[in-house]
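Throughout, protein chains are lettered first and strands after them, A, B, ... in sequence-line order, and every chain is numbered starting at 1. Only a predicted model underlies this, so the values are computations on that prediction, with no experimental measurement involved.
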Amino acid sequence: MTIDTGAGPRSAATTRGAARALDLLDGPVTDTTLRRYLEGIPGVDAVGLDQRAAGLGTRSIKTTSKAMALDRIIELIDLTTLEGADTPGKVRSLVAKGITPDPSDPTCPRVAAVCVYGDLVPVAIDALGALHAPRSREAGTGPGISVAAVATAFPSGRASLRVKLADVEDAVAGGADEIDMVIDRGAFLAGRYSQVFEEIVAVKEACRRPDGEDAHLKVILEVGELVTYDNVRRASWLAVLAGADFIKTSTGKVTSNATLPVTLLMLEVVRDWHRLTGEKVGVKPAGGIRTSKDAIKYLVTVAETAGEDWLQPHLFRFGASSLLNDVLLQRQKTKSGHYSGADYVTID
Amino acid sequence: MSFLDYAPAPESRAIVRLRPSYGLFLDGEFVDGHGTPFPTISPATEEHLAEVATADEHDVDLAVAAARRAYDEVWSKLSGSDRGKYLFRIARLVQERARELAVAESLNNGKPIKESRDLDIPLVAAWFFYYAGWADKLDYAGLGANPKALGVAGQIIPWNFPLLMLAWKIAPALAAGNTVVLKPAETTPLTALLFAEILQQADLPPGVVNIVTGAGATGQALVRHPGVDKIAFTGSTAVGREIARATAGTGKKLTLELGGKAANIVFDDAPIDQAIEGVVNGIFFNQGHVCCAGSRLLVQENVHDDVVERLKHRLSTLRLGDPLDKNTDIGAINSQEQLDRIRELTAAGEQEGATPWSPPCELPANGFWYAPTIFTGVQASSRIAREEIFGPVLSILTFRTPQEAIAKANNTPYGLSAGIWSDKGSRILAVADGLKAGVVWSNTFNRFDPASPFGGYKESGYGREGGKQGLSAYLAPSGGAQ
């Protein structure tokens with residue numbers, strides 16, 4: 001099967017993702033074979049899923065566990081700014097915040113990554129300096145901070161494949177370590193599963209850097225537009241089959257974003273994928289997680305569904321911006337015993 | 001340190017102030033009993049909690065007399081809306097003291113605080129609110145205009161949901177205009193006695209509700225008392241049979257809610273992750289001390305291995321331990337006697353060739369504990385597939401077709417509840433139609449609502465609790481029985 005990407009034909013079968021799919025589908029990747037596979041996956045009972053998520057949400061995380069959770073949340077944050085009004089100054093400020101979230105406390109961990117639009121990737125890398133993840137790894141000074149770029153005509157994904165791939169290539173050439181792509185929800189809802197599949201495969205190819213490394217690919221399902229849990233489950237499987245390193249709930253640009261039940265559902269998919277193949281795929285809820293209390297519920301859900309192994313930056317991320325300050329306030333509270341206020345954390 | 005080793009998060013006991021000893025609640029007052037008082041303990045630690053009075057025949061006589069007096073002089077003369085006001089008041093007081101009641105329930109019963117807090121006590125309040133609304137609408141209970149109360153109701157409740165079973169009994173009885181003598185279970189009297197304090201707070205007229213504590217003999221005295229018009233019992237089938245014998249020919253009305261051996265049927269198209277949750281909730285909720293527990297898992301043969309593997313994975317995330325810790329999923333077995341029974345039956349299961357499996361879990365040194373257990377390779381003829389274990393033990397059997405699933409599900413002397421898991425609506429309806437069980441849940445399990453009647457077929461008892469049916473169990477048509 002070949003796809004015309006505008007940059008010359010590529011063979012889908014040569015990529016890791018497509019190989020996953022060929023094994024499971026036991027045949028060529030077409031709408032028919034994908035439909036047969038995706039629609040053969042057991043359905044989701046919405047009431048039961050919501051109930052389970054609510055149950056996980058009642059776990060009571062206190063004292064030492066809470067302190068541990070708060071630090072872990074910071075380490076898992078993709079600190080994000082995705083506004084039309086973003087400027088180099090704003091991005092530099094975001095990066096500084098990611099490096100030193102709490103200037104009053106040197107023990108405060110750094111965030112996992114900053115997430116920006118593609119054109120601002122060089123600004124972010126420049127601002128990170130020696131702390132940019134690849135350099136930091138090379139220098140042996142810890143994990144550093146990655147730079148993630150949204151691409152593929154984010155957030156709507158309404159552009160030709162050629163434009164989407166150009167968007168990705170641009171960001172990768174700019175030095176992005178991670179690409180957050182959107183799927184074509186229209187194609188998915190119209191049942192053109194193979195189109196969605198092939199786009200993901202093509203984007204994954206475009207994530208290759210000249211040095212042979214890959215920019216990690218996060219595939220945004222935009223659950224608010226898929227609406228049903230059955231759709232979310234199928235789209236999750238589709239993205240994983242096509243080679244996603246991460247499946248991500250949302251862009252943060254529609255009214256319904258990450259929820260605990262939908263994240264639980266996606267964690268069940270990566271858990272099942274791991275059972276099936278031994279491979280670990282990450283999950284990133286994004287949009288709408290603003291409080292430490294909520295974020296801790298997500299940690300519990302990850303640990304009790306996929307396993308504690310998943311609570312690492314290469315397997316779980318929070319796409320968030322205002323969450324960080326709430327975590328810092330809670331963190332200050334656990335250390336000092338009293339609540340401070342909004343003026344004791346910085347505006348990024 | 002692992003994140004999953006959640007730091008202890010115990011609910012404070014300070015909110016419950018237990019007295020060193022409790023009397024009987026007769027005619028609105030706590031009085032000493034004439035039997036030998038007995039200690040009540042926490043099954044999780046065997047800690048002594050309080051001394052409780054035993055009512056002998058004489059005390060039961062006093063209680064019935066008080067109930068009769070309250071019926072004749074006060075309660076039967078009140079309007080339905082006035083009775084409703086008392087019930088609403090009780091419901092609100094239960095809500096106000098919810099946390100205290102939840103802690104006391106977990107202490108005395110051993111159930112996890114998250115269940116007493118999120119399920120038992122909210123349902124208790126819901127039951128009183130629901131029947132409070134019925135008190136002035138008895139004409140619509142299905143018995144024609146002006147139905148009459150039966151008189152004095154003797155009610156005997158079990159230890160698995162002490163306060164909830166009390167609410168199931170007392171709320172409809174009072175709404176219908178009866179007065180009550182209630183005997184809580186021997187091992188779990190505390191919340192009933194706290195409830196007596198609530199009745200005093202609510203200014204319920206003396207004698208309308210009387211609470212007599214004690215063991216089987218106290219219950220027997222109540223059942224045999226000639227001044228009782230109605231007996232409502234929840235408990236074992238063996239005791240239910242005795243009660244049926246004792247009341248036969250006496251003119252006493254009787255409702256029995258007895259044992260069960262419910263089938264939870266999982267078809268191959270079930271929403272699998274939710275089905276696993278439902279199976280876990282069906283049998284490990286309240287340590288399996290649930291008469292309608294889904295203790296037999298009937299799983300379609302072609303998905304058996306997958307279901308068992310997923311079930312094992314899920315069981316390994318259950319937390320067993322201190323019932324007052326907010327993160328505890330599995331609490332203590334209620335008594336040594338019950339623990340012995342569970343051990344006897346599971347040993348029999350092994351002898352009969354079934355394979356037990358439990359997740360690695362450390363059992364506390366004191367108290368009564370049993371690790372959640374599943375048995376695979378169970379045959380329909382095995383004792384663990386036939387007898388009610390009333391513990392956290394699941395027997396897994398397979399089936400091939402819907403007809404076989406129905407036949408196996410019905411092949412039990414019980415018939416209290418059943419569960420069906422499938423994505424196909426038409427199949428759910430067809431299978432539910434064939435099941436001989438009082439309650440059939442589809443794609444869920446162990447859900448309760450005061451508006452929904454509950455009760456069994458065959459040896460699971462007769463009569464219904466909840467809803468309008470539960471109300472009419474305490475009423476007679478106008479001009480009918482007194």
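With a threshold of 4.5 angstrom between heavy atoms, Ser2(B) approaches chain A through its backbone and through its side chain. Ala270(B) touches chain A through its backbone: at least one of N, CA, C or O sits under 4.5 Å from a heavy atom, while the side chain does not. The contact between Arg52(A) and chain B is made entirely by side chain atoms (from C-beta outward), counting heavy-atom distances below 4.5 Å. Looking at Leu299(A), both its backbone and its side chain come within 4.5 Å of chain B, counting heavy atoms on both sides. Interface remark: Asp5(B) contributes backbone atoms only to the contact with chain A (heavy atom separation under 4.5 Å). Heavy atoms closer than 4.5 Å to chain A are found in both the backbone and the side chain of Asn327(B). Contact of Glu268(A) with chain B is made through the side chain alone, with heavy-atom distances under 4.5 Å. Neither the backbone nor the side chain of Arg72(A) comes within less than 4.5 Å of any heavy atom of chain B. For Asp272(A), the part sitting under 4.5 Å from any heavy atom of chain B is the side chain, from C-beta outward, and nothing else.
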Exercise. Glu304(A) and Leu318(B): side chain to side chain contact (heavy atoms under 4.5 Å, CB included), yes or no, with the steps?
Worked result: CA-CA 9 Å; Glu304(A) 295 201 24; Leu318(B) 290 176; over 6 Å; no
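Although no hydrogens or angles enter the test, the distance criterion places a donor-acceptor pair under 3.5 Å between the side chain of Glu308(A) and the main chain of Phe3(B). Looking only at distances, a side-chain donor or acceptor of Ser65(A) sits under 3.5 Å from a matching main-chain atom of Ala7(B).
Residues His313(B) and Arg271(A) have side chains in contact (heavy-atom distance under 4.5 Å, counting atoms from C-beta outward). The side-chain heavy atoms of Asp306(B) and Arg275(A), taken from C-beta on, include a pair separated by under 4.5 Å. Contact of the Glu277(B) side chain with the Asp45(A) side chain is not registered, since no non-hydrogen atoms from C-beta on lie closer than 4.5 Å.
Between Lys62(A) and Pro8(B), the shortest heavy-atom contact is CB-O, 4.4 Å. Heavy atoms only, all atoms of each residue included: Leu49(A) and Gln274(B) are closest at N-CG, 3.5 Å.
Once rounded to the nearest 0.5 Å, the distance linking OG of Ser60(A) with NZ of Lys114(B) reads 11.5 Å. In this structure, the separation between CG on Leu311(A) and CG on Leu4(B) is 7.5 Å, given to the nearest 0.5 Å.
The local environment of NZ in Lys335(A) is crowded, with over 12 non-hydrogen atoms from other residues, nucleotides or ligands closer than 6.0 Å. Remark: Arg314(B) CZ is packed, more than 12 non-hydrogen atoms of other residues, nucleotides or ligands lying under 6.0 Å away.
In this structure, Arg59(A) pairs ionically with Asp329(B), as a charged nitrogen and a carboxylate oxygen lie closer than 4.0 Å.
Most heavy-atom pairs under 4.5 Å with chain B: of the set Gly307(A), Pro42(A), Gly40(A), Ala69(A), this distinction falls to Pro42(A). Ranked by heavy-atom pairs under 4.5 Å with chain A, the list Arg310(B), Lys326(B), Arg319(B) is led by Arg310(B).
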